[in-house]
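Notes for the one structure printed next.
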Amino acid sequence: LETFDRNKDSEHEVLENEYSMEIPNYDLYKDINTDTKFSLLKLESILCYHEQFQKKLDDDSKKLYINRFLKYLRIASTDSYYFFKSECHAEMKKVSYRIDIAIDIDGTIVESQCECSAGMGPTAHCKHVCATLYAIFKFSTCAEIITELSCTSQLQTFHQSTHFMASPLKSKDLPLSGYKDVNFDPRST
């Protein structure tokens, strides 16, 4: 009863809504390819964005990008902003998180959000956002992007036999239940 009395005031507690970016309609997003044009995102912009949180673009974020943890990267544009939508796998789990990033025409990162517990917007700076920003930077400088390989991107392997890992047995050493002294040599009969 004491615990009930202590907690009865929490019934009237108003919880704040989670932050959510205003993003364009999903139909406006297009996959990024070599024909995609947007303003150059400089490495200095990414470093300046992270500097306000005492964070750096670390090797973990770069490894997420290089090791194909990014599932896709899409872009939508308005008159003053480029919006990027991405999905990035978690490092140790079989889950993935959706990321939204807004960058203005000048290449300044305006806001970002991620679904992970550390990525609440409007200034998310988790490693998934960092990996996506790094992917945008790499694409804006060399027009290439590394994303997850789809099942159709790889050669099919269902017809290939698996490698036999055990050592072969001679037929005379096979364990045969119910039979003793079986002669496997056809010349001796």
Side-chain angles (χ1 to χ4, degrees), residues 18-50 53 55-78 81-105 107-163:
E18 288 187 20
Y19 176 81
S20 181
M21 279 176 59
E22 283 192 35
I23 56 175
N25 189 355
Y26 190 77
D27 297 338
L28 298 175
Y29 283 92
K30 305 282 187 236
D31 283 332
I32 288 184
N33 57 36
T34 53
D35 297 331
T36 305
K37 304 287 186 225
F38 61 91
S39 64
L40 183 69
L41 178 64
K42 297 179 181 170
L43 189 59
E44 293 82 31
S45 297
I46 298 172
L47 297 175
C48 182
Y49 177 74
H50 284 63
F53 312 109
K55 186 169 169 87
K56 295 180 181 179
L57 185 63
D58 56 357
D59 289 336
D60 288 342
S61 302
K62 291 178 184 177
K63 284 179 186 175
L64 284 178
Y65 170 70
I66 292 168
N67 293 331
R68 299 182 179 272
F69 278 71
L70 210 62
K71 290 176 89 171
Y72 60 83
L73 184 61
R74 296 187 177 121
I75 186 171
S77 61
T78 62
Y81 295 111
Y82 293 108
F83 291 91
F84 294 90
K85 182 175 279 305
S86 176
E87 196 166 334
C88 185
H89 288 286
E91 197 168 8
M92 300 297 252
K93 300 177 185 173
K94 293 184 178 184
V95 298
S96 57
Y97 302 111
R98 282 187 287 255
I99 298 124
D100 293 302
I101 298 173
I103 299 175
D104 67 8
I105 301 297
T108 305
I109 302 161
V110 178
E111 61 182 331
S112 60
Q113 69 182 7
C114 178
E115 286 183 332
C116 75
S117 58
M120 186 174 286
T123 55
H125 50 277
C126 63
K127 60 185 169 187
H128 311 111
V129 170
C130 293
T132 305
L133 286 171
Y134 188 69
I136 296 167
F137 161 70
K138 291 301 267 183
F139 181 80
S140 68
T141 56
C142 62
E144 291 182 4
I145 190 159
I146 301 172
T147 57
E148 174 184 58
L149 290 175
S150 66
C151 59
T152 57
S153 302
Q154 302 169 23
L155 292 175
Q156 54 91 4
T157 59
F158 62 84
H159 71 282
Q160 297 175 354
S161 60
T162 58
H163 297 289

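Of all non-hydrogen atoms in Asp104 and Tyr82, the two that sit nearest each other are O-CD1, 4.2 Å. Contact record, Ala90 with His128: CA-NE2, 4.2 Å, taken as the closest heavy-atom pair. Closest approach of Ile99 to Cys88, counting heavy atoms only: CD1-CB, 3.6 Å. Contact detail for Tyr26 and Lys85: the closest heavy-atom pair is CE1-CD, 3.7 Å. Across every non-hydrogen atom of Ile146 and Ile66, the tightest pair is CG2-O, 4.1 Å. Nearest heavy-atom pair, Ala124 versus Gly119, reported as atom, atom and distance to 0.1 Å: CB-O, 3.2 Å.
In this structure a side-chain-to-backbone donor-acceptor pair under 3.5 Å is present from Ser140 to Ile136. The closest donor-acceptor contact from the side chain of Tyr65 to the backbone of Leu70 lies at 3.5 Å or more, if one exists at all. For Asn67 (side chain) and Phe69 (main-chain N/O), no donor-acceptor pair under 3.5 Å exists by modelled atom type. Here the side chain of Ser96 pairs no donor or acceptor atom with the backbone of Glu87 at under 3.5 angstrom. Side-chain atoms of Ser45 come within 3.5 Å of backbone N or O of Gly107 as a donor-acceptor pair. Distance alone, capped at 3.5 Å, places no donor-acceptor pair between the Thr147 side chain and the Tyr72 backbone.
A distance of 8.5 Å separates CD of Glu111 from CD of Glu22, quoted to the nearest 0.5 Å. Within the model, atoms CD1 of Ile109 and CG of Leu41 stand 5.5 Å from one another, a figure rounded to the nearest 0.5 Å. Note that the CG atom of Leu47 and the CG atom of Leu133 stand 10.5 Å from one another [nearest 0.5 Å]. Between the CG atom in Asp100 and the CZ atom in Phe84 there is a gap of 12.0 Å [rounded to 0.5 Å]. Rounded to the nearest 0.5 Å, atoms OG (Ser112) and CD1 (Ile103) are 9.5 Å apart. Rounded to the nearest 0.5 angstrom, Cys142 SG and Phe137 CZ are separated by 8.5 Å.
Aromatic ring pairs are classed by plane angle as parallel below 30°, tilted from 30° to 60° and perpendicular above 60°; the pair Phe53 and Tyr49 is perpendicular.
A 4.5 Å side-chain heavy-atom check between Tyr134 and Ser61 finds every atom pair outside the cut-off.
Checking Glu148, Lys71, Arg68 one by one against His89, the side-chain hydrogen bond (donor to acceptor under 3.5 Å, both in side chains) holds for a single residue, Glu148.
Annotation: Lys138, atom NZ; neighbour count of heavy atoms from other residues, nucleotides and ligands within 6.0 Å does not exceed 12.
In summary, Glu115 and Arg98 engage in a salt bridge, as defined by a charged side-chain N under 4.0 Å from a carboxylate O.
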Practice problem: Start with the C-alpha distance between Thr36 and Phe139, add both sets of side-chain angles, then the distance that settles side chain to side chain contact (heavy atoms under 4.5 Å, CB included), and finish with yes or no. | Solution: CA-CA 10 Å; Thr36 305; Phe139 181 80; 4.1 Å; yes
